[in-house]
2 protein chains.
Amino acid sequence: MKAETEARTDTRKRILDIAEELLLTRGFNAFSYQHISRELGVRNAAIHYHFPHKTDLGTALVERYIRRLERFIEQHGEASATAQLERFFELADAYFRNDRQVCPSGILTVELHTLPVEMQVAARRFIEVMRQWAERIATLGQVEGSMRFAGTPAAMGLTMLATLQGGLQLARIEAAWLNSIKQQIRCLLGLAD
Amino acid sequence: MKAETEARTDTRKRILDIAEELLLTRGFNAFSYQHISRELGVRNAAIHYHFPHKTDLGTALVERYIRRLERFIEQHGEASATAQLERFFELADAYFRNDRQVCPSGILTVELHTLPVEMQVAARRFIEVMRQWAERIATLGQVEGSMRFAGTPAAMGLTMLATLQGGLQLARIEAAWLNSIKQQIRCLLGLAD
DNA sequence: GACACCTTACTGACCGGTAAGTAGAGTGGG
DNA sequence: CCCACTCTACTTACCGGTCAGTAAGGTGTC
């Protein structure tokens, strides 16, 4: 039955949702199964039932990110470079508005050395998807003629990713900085002055 | 005596040095007094003698960063904007070469919510010093005429800081990216193409 | 003898993880 | 229709290890 299937996966999904919030606000090392179980109103062992090891939970989390991101990119793949850039910005904005979360790639790279290997591999994949999208936007913008910048599209895309990743983190100190940085990226791409 | 003074502060300094390495490679939440004491060859309680609480250690660490950074900036304050930019880059390079460490501001902002308040305050100060330097470089570059970029020097400086912070983190995934990003910043400032 | 600088020995809280048990829903056989 | 069984999704009750932190004692130096 439909209801049964929903019930079956509901707890698992809620665990992932809570863990996602915790990952993006506190980092992987600074949240525990207890944080989740308390919030969810279940016992600690219930989390272990769905995700035997914390590694499993972390990896599942990153892999969900990758799926979501790929779907998001696909949805906007036909748009113009400038429109895609704004979607790119909106992604960052959405993170920030939700409890001043930072970009997952920020968390994952900062904690990289302490992460289980399986998560590291997933993290690399996530970042590569992100980077390739940024590069594609820069390439398209140059081809379209809508964006004008020095250097290669590959370097520009990578730089945009780095800037937004760092910017999202710095915005925790001063919220206004995020808009400043987005506007400056537009400037640097010849989209404003 | 000189020797006594040295001996007195030697352990304290070595604790800070080891803690610094741990902070920059693992983050604040992922290192413990035991990591330090094992490396240093003393007992756990010896660390507590010098830094009663982990907060004390963390705050002392950030404050040492601020002092060092201010000294570093002062040393190069008379140089040209382009020369200061290269010093800015070298700072990042130095972190990266040493065990792929990331910029302290990266760690501190990512972990911000989980940090003791005292450390948060110190972190804000550190980042403000960093940001102001970046802004000063951009302003000087524009006044000198050596740098040409759209937008305000304040936004450009902030963006440079964000880019380098993010770039240093991404370089953990692929080392070559750091040079790519540095070169792209030079391009965006009209220093190369 | 006072002090700096450690040690040993400990505490309580929390960590991820496991084992065993159970309520309830679903399933097949007679 | 009912009983026996199985499976999912938990629970309670632990485990050993690690965490930051503390108290009390020892030792070498001035």
Side-chain angles (χ1 to χ4, degrees), chain A residues 1-20 22-23 25-62 111 113-120, chain B residues 1-23 25-62 107 111 113-120:
Chain A
M1 319 291 160
K2 186 80 189 300
E4 180 215 23
T5 311
E6 270 176 10
R8 182 214 281 250
T9 53
D10 187 52
T11 303
R12 191 189 149 92
K13 188 187 172 300
R14 278 162 69 199
I15 292 171
L16 280 170
D17 288 342
I18 295 170
E20 178 176 325
L22 287 164
L23 178 72
T25 51
R26 302 181 53 94
F28 187 72
N29 295 305
F31 82 84
S32 71
Y33 274 34
Q34 291 191 47
H35 286 111
I36 303 171
S37 60
R38 214 173 301 154
E39 172 95 15
L40 196 57
V42 295
R43 296 290 150 178
N44 225 323
I47 320 285
H48 280 286
Y49 171 76
H50 292 282
F51 302 96
H53 306 274
K54 203 182 174 187
T55 304
D56 302 322
L57 175 56
T59 308
L61 224 42
V62 179
E111 294 192 304
H113 298 328
T114 67
L115 256 32
V117 182
E118 214 181 330
M119 274 191 75
Q120 289 186 24
Chain B
M1 316 287 158
K2 186 78 186 301
E4 179 217 24
T5 312
E6 271 177 11
R8 181 216 280 249
T9 53
D10 187 52
T11 303
R12 190 189 149 91
K13 188 187 172 299
R14 278 163 70 199
I15 292 171
L16 281 169
D17 288 342
I18 294 170
E20 178 176 325
E21 176 106 8
L22 287 165
L23 178 73
T25 51
R26 302 181 52 94
F28 188 70
N29 294 305
F31 83 84
S32 70
Y33 275 34
Q34 291 192 44
H35 286 113
I36 303 171
S37 60
R38 213 173 300 155
E39 172 95 15
L40 197 57
V42 296
R43 296 288 152 180
N44 224 323
I47 320 284
H48 279 286
Y49 171 76
H50 293 281
F51 302 95
H53 306 274
K54 203 184 172 186
T55 303
D56 302 323
L57 174 56
T59 308
L61 224 40
V62 179
I107 295 276
E111 294 193 304
H113 297 328
T114 67
L115 256 34
V117 182
E118 214 181 330
M119 272 190 77
Q120 289 186 24

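So that the names make sense, note that chain A is the first sequence line, chain B the second, and so on, each numbered from 1. Side-chain atoms are counted along with the backbone in the values below, which use heavy atoms only and exclude waters and symmetry mates.
Rounding to the nearest 0.5 angstrom, the gap separating the CD1 atom in B:I15 from the CD1 atom in B:I47 is 4.0 Å. Atoms CD1 and CG, on B:I107 and B:L115 in that order, are 10.0 Å from each other to the nearest 0.5 Å. A:R38 contributes atom CZ, which lies 12.0 Å from atom CD1 of A:I18 (distance to the nearest 0.5 angstrom).
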Can you give me the N/O atom pairs linking the protein to nucleotides 14-18 of chain C at distances under 3.5 Å, or say none if there are none?
residue, atom, partner, partner atom, Å
C:dC15, OP1, A:S32, OG, 2.8
C:dC15, OP2, A:Q34, OE1, 3.2
C:dC15, OP2, A:Q34, NE2, 2.4
C:dG16, OP1, A:F31, O, 3.4
C:dG16, OP1, A:K54, NZ, 3.3
C:dG16, OP2, A:Y33, N, 3.2
C:dG17, OP1, A:H53, ND1, 3.3
C:dG17, OP2, A:K54, N, 2.6
C:dG17, N7, A:H48, NE2, 3.1

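With contacts defined as side-chain heavy-atom distances shorter than 4.5 Å, the pair B:H35/B:R26 qualifies.
B:N44 and B:Q34 get closest at one heavy-atom pair: ND2-CG, 3.0 Å. Across A:A30 and B:N29, no two heavy atoms sit closer than the pair CB-ND2, 3.7 Å. Nearest heavy-atom pair across B:H113 and A:T25 is CD2-O, 3.4 Å.
Atom pair B:L22:CG and D:dA20:P shows a separation of 11 Å (rounding to whole Å applied). Distance, B:I47 CD1 to D:dA20 P: 11 Å, rounded to whole Å. When the P atom of C:dA20 is taken as reference, atom OH of A:Y49 falls 18 Å away, rounded to whole Å. Residue A:D10 contributes atom CG, which lies 14 Å from atom C1' of D:dT8 at whole-angstrom precision. C:dC5 atom C1' lies 19 Å from atom NZ of B:K13, rounded to whole Å.
Between A:R43 and the phosphate of D:dT11, there is no side-chain N or O to OP1/OP2 separation shorter than 4.0 Å. Put simply, B:T11 has a side-chain N or O that comes within less than 4.0 Å of OP1 or OP2 on C:dC6.
Summary for the helix from C:dG1-D:dC30 to C:dG30-D:dC1: the axes at its two ends, each from 5 pairs, differ by 10° when rounded to the nearest 10 degrees.
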Would you mind writing out the side-chain donor-acceptor pairs for residues 51-62 of chain A within the sub-3.5 Å range, not counting sequence neighbours?
residue, atom, partner, partner atom, Å
A:K54, NZ, A:F28, O, 2.7
A:K54, NZ, A:F31, O, 2.6
A:D56, OD2, A:H53, N, 2.9
A:T59, OG1, A:T55, O, 2.7

